[in-house]
Amino acid sequence: MATRFDLENIDIAWCPGCGNYSIHNILKAALEELDIDPKNLVIVSGIGQAAKAPQYIRCNYFNGLHGRSLPVAVGIKASNPNLTVIVESGDGCMYGEGGNHFVHAIRRNSNITVIVHNNMVYGLTKGQASPTSQRGFTTSVQVAGVLNEPFNPIAVALSLKCSFVARAFCGDIQQTKEIIKRAILHEGFALIDIFQPCVTFNKINTYKWFKENTYYMKDHDETDIRKAFERALEESPLPLGVFYVEKRPTFESQQRIYKNSLEPLFKRKHSVEQIMNLIESKRRW
Amino acid sequence: MATRFDLENIDIAWCPGCGNYSIHNILKAALEELDIDPKNLVIVSGIGQAAKAPQYIRCNYFNGLHGRSLPVAVGIKASNPNLTVIVESGDGCMYGEGGNHFVHAIRRNSNITVIVHNNMVYGLTKGQASPTSQRGFTTSVQVAGVLNEPFNPIAVALSLKCSFVARAFCGDIQQTKEIIKRAILHEGFALIDIFQPCVTFNKINTYKWFKENTYYMKDHDETDIRKAFERALEESPLPLGVFYVEKRPTFESQQRIYKNSLEPLFKRKHSVEQIMNLIESKRRW
Amino acid sequence: MELSILICGEAGQGIQTIEYLFPNVLKDSGLNVYSYKEYMSRVRGGSNSTLIRVSDRPVRAFCRKVDVLVSLSSQTTHLSRLSDRIDSDAIIILDSDSNTKLYHNGKIIHQVPISKLALQAGNKVYSNSVVLGMLCSILNLPFENALSAIEKWFCNKGGNICEENKIAAKLGYENISTNSDLRIRKDFNSDPRVKEHLLINGAEAVAIGALAGGCNFVSSYPMSPSTGVLTNLAAYSREFDIIVEQAEDEISAINMALGAWYAGARALVTTSGGGFALMVEALSLAGAIESPIVIHLAQRPGPATGLPTRTEQADLLFALFSGHGEFERVILAPGNIEQAFSCTAKAFEISDKYQVPVFVLTDQYLMDTIYNFDSLKKVEPCFNHVVKTTDNYKRYEITQDGISPRGIPGFGDGLVCVDSDEHDEFGRITENFTIRKKMVEKRLRKLKDFSDEVPAELIGNEDYRYLILCFGSTREIVVEAVKDFDEVAVVHLQQIHPLPSNLSRYLRMAQKVLIVESNATSQLGKLIKMDLGFNNFETLNKYNGLPFYVEEVRDFAKRFVKGEI
Amino acid sequence: MELSILICGEAGQGIQTIEYLFPNVLKDSGLNVYSYKEYMSRVRGGSNSTLIRVSDRPVRAFCRKVDVLVSLSSQTTHLSRLSDRIDSDAIIILDSDSNTKLYHNGKIIHQVPISKLALQAGNKVYSNSVVLGMLCSILNLPFENALSAIEKWFCNKGGNICEENKIAAKLGYENISTNSDLRIRKDFNSDPRVKEHLLINGAEAVAIGALAGGCNFVSSYPMSPSTGVLTNLAAYSREFDIIVEQAEDEISAINMALGAWYAGARALVTTSGGGFALMVEALSLAGAIESPIVIHLAQRPGPATGLPTRTEQADLLFALFSGHGEFERVILAPGNIEQAFSCTAKAFEISDKYQVPVFVLTDQYLMDTIYNFDSLKKVEPCFNHVVKTTDNYKRYEITQDGISPRGIPGFGDGLVCVDSDEHDEFGRITENFTIRKKMVEKRLRKLKDFSDEVPAELIGNEDYRYLILCFGSTREIVVEAVKDFDEVAVVHLQQIHPLPSNLSRYLRMAQKVLIVESNATSQLGKLIKMDLGFNNFETLNKYNGLPFYVEEVRDFAKRFVKGEI
Ligand SMILES: Cc1ncc(C[n+]2csc(CCOP(=O)(O)OP(=O)(O)O)c2C)c(N)n1
Ligand SMILES: Cc1ncc(C[n+]2csc(CCOP(=O)(O)OP(=O)(O)O)c2C)c(N)n1
Ligand code: SF4
Ligand code: SF4
Ligand SMILES: [Mg+2]
Ligand SMILES: [Mg+2]
């Protein structure tokens, strides 16, 4: 599907067959269906294969440091709440290097959408384990296989009362697109962890593996955090869909300066007089 | 109670009435009862009021950087598994600055005990909000009150399948001591979040408040992570006790080099011959 | 006429209140006042002190000499700790149950029942009011002056507090008036203009300077001695359009601030050495994406945690060379409170104009220094450097001066793409060798024509033979130290990088140069060797955590002039 | 006799296999070989190339000239990207369906059906074996040499793979043998000693050097170009007693390593600029607690993410001044593969002895350079500097040389207390001004008597008039560039800080000095101004992401000697 987000003549650096392509196309389709203006869209990413994604979409982007996409996104959204802000990064970027921001950005509940391309491996640096790599996964660094308990982003997000928590699989275009659309429309921090096969470095968690080891939740009560947590602990098969949704004031909506107007910071007046008054007040105490 | 861990002529920098004193005394008593040799004990801390604790105990200590106690402790324990390694720090140090290490050290399951003095405030820097500060708590920085969802260390630890998760209140010496003893004896990463009134900067969460807003769990199944999570979500009153225990191989026990012997690294031989052989092997391919 | 008063005691005993009230009383009485506190990294106990200098001429510097020492504590340990500052002619007052004299290390100690008087007034915690009364009496100020201070401070606290504090002050005042040994009664000339002066500390000056520079976003993590700037801005956020966010760590703080600049805000981070160390990767990011960012770096003694509440100037070369890869930056180091304001305001303008990180390099000494002064530099309306983008906008257009017009998302028809990887003019990732080379050169070209925003300042005799060079917060100390010397001039630097173009001439005109720095390795000296090829100087260093005393700079300078150094 | 071969194509097309197999074939044939790859930061596609130089004399440097270019891709974009390296006399071979000639930008292109031959052998992916066969034929090597390489590499992979690759190689070999245009048949003199040489890259040399230095703990986070050291050590961990841990981030990595040293391990972190930027706070911690730590810093072009897989020497001053507060460190920058080994081994010894951080400063160029050489420095048994503690042990005992005997917990009767705050001799927190001063001086005294571990190395004419100074990985390039020049000598630095004491004399003996650095701001030059007060030099810089070509250094040096520069 052609969208207003397509770029011409670009050289996409992903491997043929990589799951990133389908996330890329799904996202563009979702944005198109939501009728979002590229000029009003900012995609923020870190560093990694997934993090190259904004380079391939017509939009504003901030391709920052490995692991640091979330604080950048929070800063952007807080400075101009009228922008649509999406974060797109890899599992290593978001849950490894960026783990502390993941935890605390969720607590803030900024109105941003966070799409994690979870391929359970470090792609760009050529195949080391990521926090979501499964036990026993062997790599050039984890020569005896991964020893750590895998990081469960869904469970962690729930434990932080993340206001929108979902998991998807990039092999399923339709349902993933619907989840992304819901996430973008959600007012608050929306996490979508998307399973994405890395055809080059992850020979375990392949398209086939994901297909065989996932299922969509049915009759799941999205407002029950306890149930959501129980679901999050399920391992084989792994549930897909929206685990939890909660309506809570966003970071931006709680700022004094946005109580009466959403005018972005750059449009606000610099009042020399107000500052002079402050200074003059320091002559008295 | 006099213990082998007492130091003479020390000037303790805590405020009179601070909850840190009782954690300090409880810990010494627990160590005494466990008959631990101070020479074999290392306490690792970060920076903050709580983090001064090791200065006041007769033991080896590594008082490192704000937020960075956990990786240090992991490095120590991995280099010499015969040492008893305890981490002691504040809520800001552990869950704020050190949040990423908290997440990933739990996944590693090093055999260390982590005691968090949770006073829901930044004490040493004079009263700003910490990740565990309650909503609405006003400070000199949070002038309009805390806007973020408080960090729930118990829930987060559970979402990471932490192998020992407990909460205590320093006002209750007996039960806190028993929990600490169990934590030290536990093989694996043991977290104890201890409520600790800061009499100077936290006028909300006082001794009285903690007494009135906590209760001990009874008939709780410590092996059921789902139940534990449900308990962890309870907010008023807040449950105390051991939420969850799981037996899982530790980080150290999974290292190849400790499969046959626990001899610490510093005692192992540097084999010139083995290295020469490696080098010589590079003449062929 | 001048008097130097040192108040000491434990944290929590009320020094802070006196340190706030008494200078205000003095200023209201038309007297010039200076104060600086040295304190331990703890909330209660320990041993702290605050120096308050009173004068009928402006006073702005830390000195060793103490004329009157008041201890809020009955413990003589405080006296021992301060003993090298207490000469034999100092009047020493110690809290005690009795009203008698005592001898300690050969010095007379006047005992005054400070806390007893407080208790008599109603509560031991009124000791600070007792001392306020005492100090007013010692200076022969009308009691009304103390009274109005107490009214301002305590009389919104409800209950009997106000009245009881007044009684406490009165008791203190009278205790001194009736004690012939302690009536100093120096006669100060009150200057009515002083009453109209400003009285703020360095932290407030930086915070207000930020507002003047158009700052509307601050994200930081608490760290002494930089936190004051954050709390001041937080207080102003009740009325000013500024977002104040305490981040989970310093890495988040600076990345948030970069996001804010990207979206059109003017963002500040305030931190100290250890916190800044965590920001270094993002500093390099700012260099790569050519984002403005203002970093207030309040120095304290390192390495690592070091002495968290004390002062040092040892992060200069760290600030200059931090960050991987090569990119430009500007470093400003204000010399006093007025400059703390003006440098910070200027930092935003420079950062926005040149699209480079700008440091405001202060330290605990400047943060916690208070003195009265006439006025601050005029606040200028902010010039907004952001452009409205057009279709096909190039964020990194190669220009002659290396500066590309900066657009922001949602303002204009273009897309604003920034990339931490090497990129082309559109901000898209590239590995083209030619573009890489051009981009490196563009980034390094930006300060080629940097006109001196703050030239080196020559203070004193223009026909000097001896030159004393200093930077940042040592300015007033050095100036006072050598003010009566012939043939000596001081050059003070606010602009550390790029070095101002007039510096070299000043240095080369001198017969001998002395560089005074609060660090152990003479970092400014190294910089001058490196940047100016100027190697011929002596150094004076201090690195025990305290600022220089006027006296020690004076003594050293004397020997330097005499040729003994 | 020498030949320079460039193999290019997309990532994933098999260049890597050739780059591994062919040098080994050459060495086994008694020929000297050098190789270096330049590649994009992507896993598939793009455009990469590997230079392989063959010679009957040792070859160790990157050069511009290409005699034979083989493109694994049929796309001419690769040729365009490399066009400035392809002179008119170069033989260009391009994969194609046909076996005919073609003209591209005025040059003849020989088309060879590489992938077609591979397919004919069984699979398109055998292209690399076809090329291996071709290369052997071009060099007039017996086909058996190619064959045995293929057997070693493919014949444990099962199935028909081995046989089919042999066929592919054969097809490639024959294609060339029967193509009169492509029979180059230069006659190399085989040297039987070369067959016994070592053949490793820089990353392996650092990893093995770490083992030789007693490294038994490595905690790191993957980052190009430093990851190779981590993966090599991980491979060795199957047999050696070494703990290898991938940390969640670089902050964790270095703090873990400091914990490991504290408990008696010898720990390494390996990282690149951006990762190191995150370690800066803990570097300062190492300074404060006087912990040894070895940091392998493999440089790449910045700022920020920059060019992740390319080379630069722009983190020298960053490494030197990073960290808040003042403390000592040592920086070593090996000049070639043998030195990569010896510097790393030495780094552990120095770090343990002086209790300071030691940097091994390399870059992508050195990491990815391969050549054959005779031997490495002898491995010495590690001298363990740790002491068994006695009761009342003082971790920070003030000593004359500033070095306090280092104990570890659980070894002896003492307690080992380390504190990031300022501390007394026992390691307990203190705010005593006198102790503070002593501790600063103690920490800064440690390298006062640093005997030159690696003196500056003079290469060439001792009666030089012109001196070329360089550091780190440019050594072999500069040496080859000026080897035939009269009156020119090269001084190469491995020890960058402290600067070796013999450097100054070398510099001052020269009539003219040229400093060659792979960065834009002449960082070594700045250092020499600052440390030696030596200002009189010219500079040659490169910063497009590629290493210097021998030729460009030679041309510049020529003009320099002629006085044109
Ligand atoms: C501070 C820092 N450390 C390390 C790196 C190197 N690095 C780049 S991408 C990456 C991992 C990428 O993994 P992930 O985020 O899962 O993305 P993927 O490539 O798998 O999509 C690493 C370690 C870096 N760029 N910066
Ligand atoms: C990198 C860094 N950032 C900030 C600080 C300043 N700092 C010291 S302690 C502290 C907070 C302490 O809070 P907490 O960990 O809850 O301990 P408490 O004092 O409450 O016991 C902060 C922000 C520091 N030392 N280092
Ligand atoms: S390495 Fe893996 S994640 Fe990266 S582009 Fe290739 S398939 Fe995708
Ligand atoms: S400030 Fe609070 S936490 Fe710190 S010592 Fe005082 S009471 Fe305890
Ligand atoms: Mg990944
Ligand atoms: Mg706390």
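Side chains are part of it too, since the values below use all heavy atoms of this structure and drop only hydrogens, waters and symmetry mates. Worth saying up front: this structure is predicted, and the values here are computed from it rather than measured. Below, chains carry the letters A, B, ... as their sequence lines are ordered, and counting in each starts from 1.
- Closest of all the heavy-atom pairs between D:A304 and C:S284 is N-OG, 2.7 Å.
- Rounding to the nearest 0.5 angstrom, the gap separating the NZ atom in D:K526 from the CG atom in C:D531 is 6.5 Å.
- In this structure the side chain of C:P301 reaches within 4.5 angstrom of the side chain of D:R436, judged on heavy atoms.
- Contact tally against chain C (heavy-atom pairs below 4.5 Å) for D:Q299, D:E441, D:R81, D:K542: the top residue is D:E441.
- For a residue to count as touching a neighbouring chain, one of its non-hydrogen atoms must lie under 4.5 Å from one of that chain's; by this rule C:F327 touches chain D with the side chain only.
- The NZ atom of D:K529 sits 13.0 Å away from the NZ atom of C:K529 when rounded to the nearest 0.5 Å.
- Taking all atoms of both residues into account, the shortest heavy-atom contact from D:R443 to C:P303 is NH2-CD, 3.7 Å.
- Once rounded to the nearest 0.5 Å, the distance linking CE of C:M530 with CG of D:L527 reads 9.0 Å.
- Interatomic distance, CG of D:D315 versus CD of C:E326, reported as 8.5 Å (0.5 Å rounding).
- Closest non-hydrogen pair, C:A277 versus D:H324, comes out as CB-ND1, 3.9 Å.
- Between D:R310 and C:F433, some side-chain heavy-atom pair lies under the 4.5 Å cut-off.
- Using a 4.5 Å cut-off between heavy atoms, C:Q313 makes no contact with chain D at all.
- One finds the CG atom of D:L283 at 9.0 Å from the CZ atom of C:F318 (value rounded to the nearest 0.5 Å).
- With a 4.5 angstrom heavy-atom cutoff, C:N535 touches chain D only via side-chain atoms.
- Atom CG of D:L317 and atom CG of C:L317 lie 9.5 Å apart (nearest 0.5 Å).
- In this structure, the portion of C:I251 lying under 4.5 Å from any heavy atom of chain D is its side chain and not its backbone.
- Annotation: maximal heavy-atom pairing with chain C below 4.5 Å, among D:G306, D:A314, D:S41, D:G533, occurs at D:G306.
- Contacts of C:L285 with chain D are made by both backbone and side-chain atoms, with heavy-atom separations under 4.5 Å.
- For C:N519, the parts sitting under 4.5 Å from any heavy atom of chain D are the backbone and the side chain alike.
- In terms of non-hydrogen atom pairs under 4.5 Å with chain D, the most contact-rich of C:P308, C:G525, C:A288, C:G545 is C:A288.
- D:D421 contributes no side-chain N or O that, together with a main-chain N or O of C:L307, makes up a donor-acceptor pair within less than 3.5 Å.
- Residue D:T309 comes nearest to C:E431 through the heavy atom pair OG1-OE1, 4.1 Å, listed as atom of the first residue, atom of the second, then distance.
- Per-residue counts of heavy-atom pairs under 4.5 Å with chain D were compared for C:S322, C:G287, C:A520; the largest is that of C:A520.
- Taking chain C as the reference chain and counting heavy-atom pairs below 4.5 Å, the highest number among D:G323, D:A286, D:G302 is found for D:G323.
- Using a 4.5 Å cut-off between heavy atoms, C:E250 does not touch chain D at all.
- Taking C:L297, C:T434, C:I528, C:T521 one by one and counting their heavy-atom pairs under 4.5 Å with chain D, the maximum is reached by C:T521.
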